Amino acid sequence: PSRQRAEGSWRGGVSLVAPLDGGLSPTSHRVIPGFLRRFTRLARKRVPKYKFFQPAKKLRAEEHPVGHQSGKKIRISPPRRVTIDMLSLTRDVPTIPVQREINIASVVSARSERINRPTWAAIFIRAFALTAMKHPELRRVFVPGRAPHLWESDSNVAMVAIERQYEGEPVVFIARIKAPENRSLDEIDKEIAHFKNDPIESIGPFQRTILLGKFPGFLRRWILARRLRCSGPKRVERSGNFGLSVYSALGSESLHPLA
């Protein structure tokens, strides 16, 4: 018995000492149960060395078996990362969508009489801004934090969703229009055209969005959260007090906007 203990030839032993190359050391076989030694020898015979670390062979389209799902991975662009993070932050905001039909026949008639017809986006932006000046509730934003409160701004800041082509794909940028109640329809249209048609490299807010999208995810979400939880004046200046997204060209409308 003493000799068996010295050699470590216990049938119930569970110690395993193996080098990094996957082989067994000269003395380790003495402390490994018999069934495990047999399994190791069998595995080394049937599985070539480093077999699991060899890259899989890429098959051509005609070599894929029937029913095999093929495709490609698409990288998420920086502007879309920011959009995803914004939607993630606003999903906890309670919303109650309502809808009402209004008669705008007089607006259609007045618009048709103008030589340079203003866009409907400019009309609704200015109309909501003028309405908000009469109803202060529409100029208020909720500011969370240690002392949650409402902030009522003296002027409006409209946030407009603009679709642009960035690196070959359509992405959504957010344009900011300050004090639309004090601007004419032509001025609002000119600013919207600037965001829609000018090169992205020449538009400061779009460049800042692209730069933010290149930050690490945790830092990006922290910055966006700070925008929503900062002081009232900065909250309105950076995120606005109302927004506009246009779906009419697609023949649809959004009944439950999240951001």
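None of the values given here were measured: they were computed from a predicted structure. Values below: all heavy atoms of this structure, side chains included; hydrogens, waters and symmetry mates excluded.
Looking at heavy atoms from C-beta onward, Ile177 lies in side-chain contact with Ile192 at the 4.5 angstrom threshold. Residues Ile200 and Phe173 form a side-chain contact, since some pair of their non-hydrogen atoms from C-beta on lies under 4.5 Å apart. Looking only at side-chain heavy atoms (C-beta outward), Lys214 and Arg220 stay at 4.5 Å or farther from each other. A 4.5 Å side-chain heavy-atom check between Val172 and Ile162 finds every atom pair outside the cut-off. Contact annotation: the side chain of Leu224 approaches that of Leu212 to within less than 4.5 Å [non-hydrogen atoms, C-beta and beyond]. Taking 4.5 Å as the limit, some side-chain heavy atom of Thr131 sits within range of a side-chain heavy atom of Leu138. Considering only heavy atoms from C-beta on, Tyr166 comes within 4.5 Å of Ile210 through its side chain. Residues Asn241 and Ser153 are not in side-chain contact: their nearest non-hydrogen atoms beyond the backbone lie 4.5 Å or more apart.
Clustering of Ile, Leu, Val, Met, Phe, Trp and Tyr by side-chain heavy atoms under 4.5 Å joins Phe142 with Leu150. Using a 4.5 Å cut-off between side-chain heavy atoms of Ile, Leu, Val, Met, Phe, Trp and Tyr, Leu185 falls into a hydrophobic cluster with Ile102, Ile104, Val107, Val108, Trp120, Ile123, Phe124.
Summarising the geometry of Arg140 relative to Pro136, their closest heavy-atom pair is CG-O, 3.4 Å, with the distance given to 0.1 Å. The two atoms that bring Gly240 and Val141 nearest to each other are O-CG1, 4.1 Å, heavy atoms only. Smallest separation of non-hydrogen atoms from Pro118 and Asp189: CA-OD2, 3.0 Å.
Proximity of a side-chain donor or acceptor of His135 to a complementary backbone N or O of Met133 within less than 3.5 Å is not detected. In this structure a side-chain-to-backbone donor-acceptor pair under 3.5 Å is present from Arg81 to Gly213. Of the possible polar contacts, one joining the Arg80 side chain to the Pro170 backbone as a donor-acceptor pair under 3.5 Å is found. Using modelled atom types, one side-chain atom of Ser112 and one backbone atom of Ser109 make a donor-acceptor pair closer than 3.5 Å.
Among residue pairs with one or both ends in residues 175-184, those qualifying as side chain to side chain donor-acceptor pair (under 3.5 Å) are Asn156-Glu181, Arg183-Glu191; sequence neighbours excluded. Listed by first and then second residue, the side chain to side chain donor-acceptor pair (under 3.5 Å) pairs that reach into residues 195-204 are His194-Asp198, sequence neighbours excluded. Residue pairs meeting the salt bridge (Lys or Arg N to Asp or Glu O under 4.0 Å) criterion with at least one partner in residues 108-123, sequence neighbours excluded, are Arg114-Asp186.
In this structure, CD in Glu167 is found 11.5 Å from CD in Gln165, a value given to the nearest 0.5 Å. Taking CZ from Arg227 and CZ from Arg238, the interatomic distance works out to 7.0 Å, rounded to the nearest 0.5 Å. How far CD of Glu169 is from CZ of Arg75: 8.5 Å, rounded to the nearest 0.5 Å.
Between Phe195 and Phe206, the ring-plane angle classifies as tilted under the 30° and 60° cut-offs.
If you chain together hydrophobic residues whose side chains sit under 4.5 Å apart, Phe128 and Ile188 fall into the same group. In the hydrophobic cluster analysis, where Ile, Leu, Val, Met, Phe, Trp and Tyr join through side-chain heavy atoms closer than 4.5 angstrom, Ile84 is grouped apart from Ile223. No continuous path of hydrophobic side-chain contacts links Leu87 to Met159 [ILVMFWY only; heavy atoms under 4.5 Å].
Enclosure of atom CG in Leu219 by more than 12 non-hydrogen atoms of other residues, nucleotides or ligands within 6.0 angstrom is indicated.
Not counting sequence neighbours, the partners of Leu244 by the side chain to side chain contact (heavy atoms under 4.5 Å, CB included) test are Ala121, Ile125, Val246.
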